[in-house]
Amino acid sequence: MSTDALSDSPLKIGSHTLSSRLLVGTGRYDTMEQMRASLEISGAECVTVAVRRERLYDRTGQNILDFIDSDRYILLPNTAGCYTAADAVRAAKLGREILRTLGNPGADWVKLEVLGDSKTLLPDPAETVAACETLAADGFSVLCYTSDCPVTAQRLKKVGAAAVMPAGSPIGSGAGILNPSNLQIILEYLKEGDEDYPVIIDAGVGTASDVSVAMELGADGVLLNTAIAHAREPVRMAHAMRLAVEAGRHAYLAGRIPRRLYGTASSPSEGVISTRPYGSQAKEVGA
């Protein structure tokens, strides 16, 4: 088979086109050098950065932007840590100004995150919808973090989200894909009559198999951070995540076989010595 037969369409989000379907965060690494090496081996073209001023610098005073090649990566500013629509809109505009200064193409988009609870870090649906509508009207391509609620996902698309990003499980939990049924409903609803509308799984990924499950469900991509940054070997895990996205995507495109209750022989039944069911065979042996 020619490798052309394994080709895939790029991921389109708003005005951006990505060949990698893995989007990665930049927080919680032990060192900036470790972060830079992990980003590189992940193969990601888009990396997300919290735009609150205090997070642009680590505890030693290093600026995170000095360790990210803005000519290589599209930066996706995010509103992590915001609990109201007003704060999220303010953070998004701050991110736009920072990236315009850098000349980075990510200046026109934002990963919207409006939290509703500091313990679970689950999103506030009402504040998220309000912020999404405001930012979309202001010209942003909004990639919108949400729960796995199909109703909220539809509302976000309706008010202008460029992509909806349902959580696999709570942020940083590493619990994986807890409700694949809801994610399948979201994919069905948001892509009905709009097959290319991007749905990206965001949050909760613990390891590479979680990423493959998300992609096999039909997600267009996965965004993750902690699963790499807090792995025992972040660079190795970043490599695993890259392969998992590719494997899951190809498995989705190839189409899995149906699940069956009983076994089905993988070899042809013609020409075998006996095709008697197990019960009959057992009786013969005991005669």
Keeping the roles fixed (side chain from S173, backbone from A175), state whether a donor-acceptor pair exists under 3.5 Å.
yes
Is T207 close to M237 at the side-chain level, that is, under 4.5 Å between some pair of heavy atoms?
yes
Considering non-hydrogen atoms only, spot the tightest contact between I186 and P166 and give its length.
CD1-CB, 4.0 Å
Using modelled atom types and a 3.5 Å cut-off, is there a donor and acceptor pairing between side-chain atoms of E45 and backbone atoms of S20?
yes
R242 side chain vs A44 backbone, donor-acceptor pair below 3.5 Å
no
Which atom of L190 lies closest to which atom of A153, heavy atoms considered
CD2-O, 3.8 Å
So, taking the atom named CZ in R21 and the one named CD in E246, what distance separates them when rounded to the nearest 0.5 Å?
11.0 Å
Please report the interatomic distance CG(D202) to OG1(T146), rounded to the nearest 0.5 Å.
10.0 Å
So, the side chain of K191 versus the backbone of Y197: is there a donor-acceptor pair under 3.5 Å, distance only?
yes
Are there more than 12 heavy atoms of other residues, nucleotides or ligands under 6.0 Å from atom NZ of K12?
no
For V24 and S42, which heavy atoms make the closest approach, and how far apart are they?
CG2-OG, 4.1 Å
Show, in sequence, the C-alpha distance, side-chain angles and deciding distance for H230 and N225, and conclude whether the side-chain hydrogen bond (donor to acceptor under 3.5 Å, both in side chains) test is met.
CA-CA 8 Å; H230 278 195; N225 185 161; over 6 Å; no
Within this structure, what is the CG-CG distance for the pair D87 and L115, rounded to the nearest 0.5 Å?
11.0 Å
Test item: I200 and I13 side chains (from C-beta on) under 4.5 Å apart, heavy atoms:
yes
H250-D8 side chain donor-acceptor pair, cut-off 3.5 Å
no
Does some side-chain heavy atom of P123 sit less than 4.5 Å from a side-chain heavy atom of V114?
no
Can you find a heavy atom in the side chain of I68 that is under 4.5 Å from one in the side chain of V49?
yes
Short question: side chain of N182, backbone of D148 - any donor-acceptor pair under 3.5 Å?
yes
Is there a side-chain contact between P105 and I74 (heavy atoms, below 4.5 Å)?
yes
Counting C-beta onward and ignoring hydrogens, is there a side-chain heavy-atom pair between Y145 and L112 closer than 4.5 Å?
no
Would you say I41 ends up clustered with V245 if hydrophobic residues are merged whenever their side chains have heavy atoms under 4.5 Å apart, either directly or through other cluster members?
no
Any side-chain to backbone donor/acceptor pair from T79 onto A88? Under 3.5 Å, distance only.
no
Shortest non-hydrogen pair, A80 vs E113, comes out as CA-OE2, 3.6 Å
More than 12 non-hydrogen atoms from neighbouring residues, nucleotides or ligands closer than 6.0 Å to CZ on R155, yes or no?
no
Kindly compute the distance separating OG (S169) from CG (L178), expressed to the nearest 0.5 Å.
4.5 Å
Distance (rounded to the nearest 0.5 Å) between D66 CG and M32 CE:
8.5 Å
Is it the case that more than 12 heavy atoms not belonging to F67 sit under 6.0 Å from its CZ atom?
yes
Take atom NE2 in H239; do more than 12 heavy atoms of anything else shown fall under 6.0 Å from it?
no
Output the distance between atom CD (Q34) and atom CG (L39), rounded to the nearest 0.5 Å.
10.5 Å
L143 reachable from L18 in the ILVMFWY side-chain graph, under 4.5 Å edges:
yes
Just so I know, are the side chains of M165 and I201 near enough to count as touching, which here means a heavy-atom distance under 4.5 Å?
no
Side chains of Y29 and S38 in contact at under 4.5 Å (non-hydrogen atoms)
yes
Step by step, work out the salt bridge (charged side-chain N to carboxylate O under 4.0 Å, His left out) result for R36 and D69.
CA-CA 9 Å; R36 180 163 54 193; D69 184 351; over 6 Å; no
Verify, without hydrogens or angle tests, whether D138 (side chain) and F140 (backbone) share a donor-acceptor contact under 3.5 angstrom.
no
Please report the shortest heavy-atom distance between I177 and D210, naming the atom on each side.
CG1-O, 3.8 Å
In terms of side-chain geometry, is the basic nitrogen of R100 or E97 positioned less than 4.0 Å from the acidic oxygen of its partner?
yes
R28 side-chain N/O to A229 backbone N/O, donor-acceptor pair under 3.5 Å
no
Any sub-3.5 Å donor-acceptor pair from N104's side-chain atoms to Y73's backbone N or O?
yes
Please report the closest heavy-atom contact between V110 and A92, naming both atoms and the distance.
CG2-CB, 3.8 Å
Can you establish whether the number of heavy atoms outside Y83 located under 6.0 Å from its atom OH is more than 12?
yes
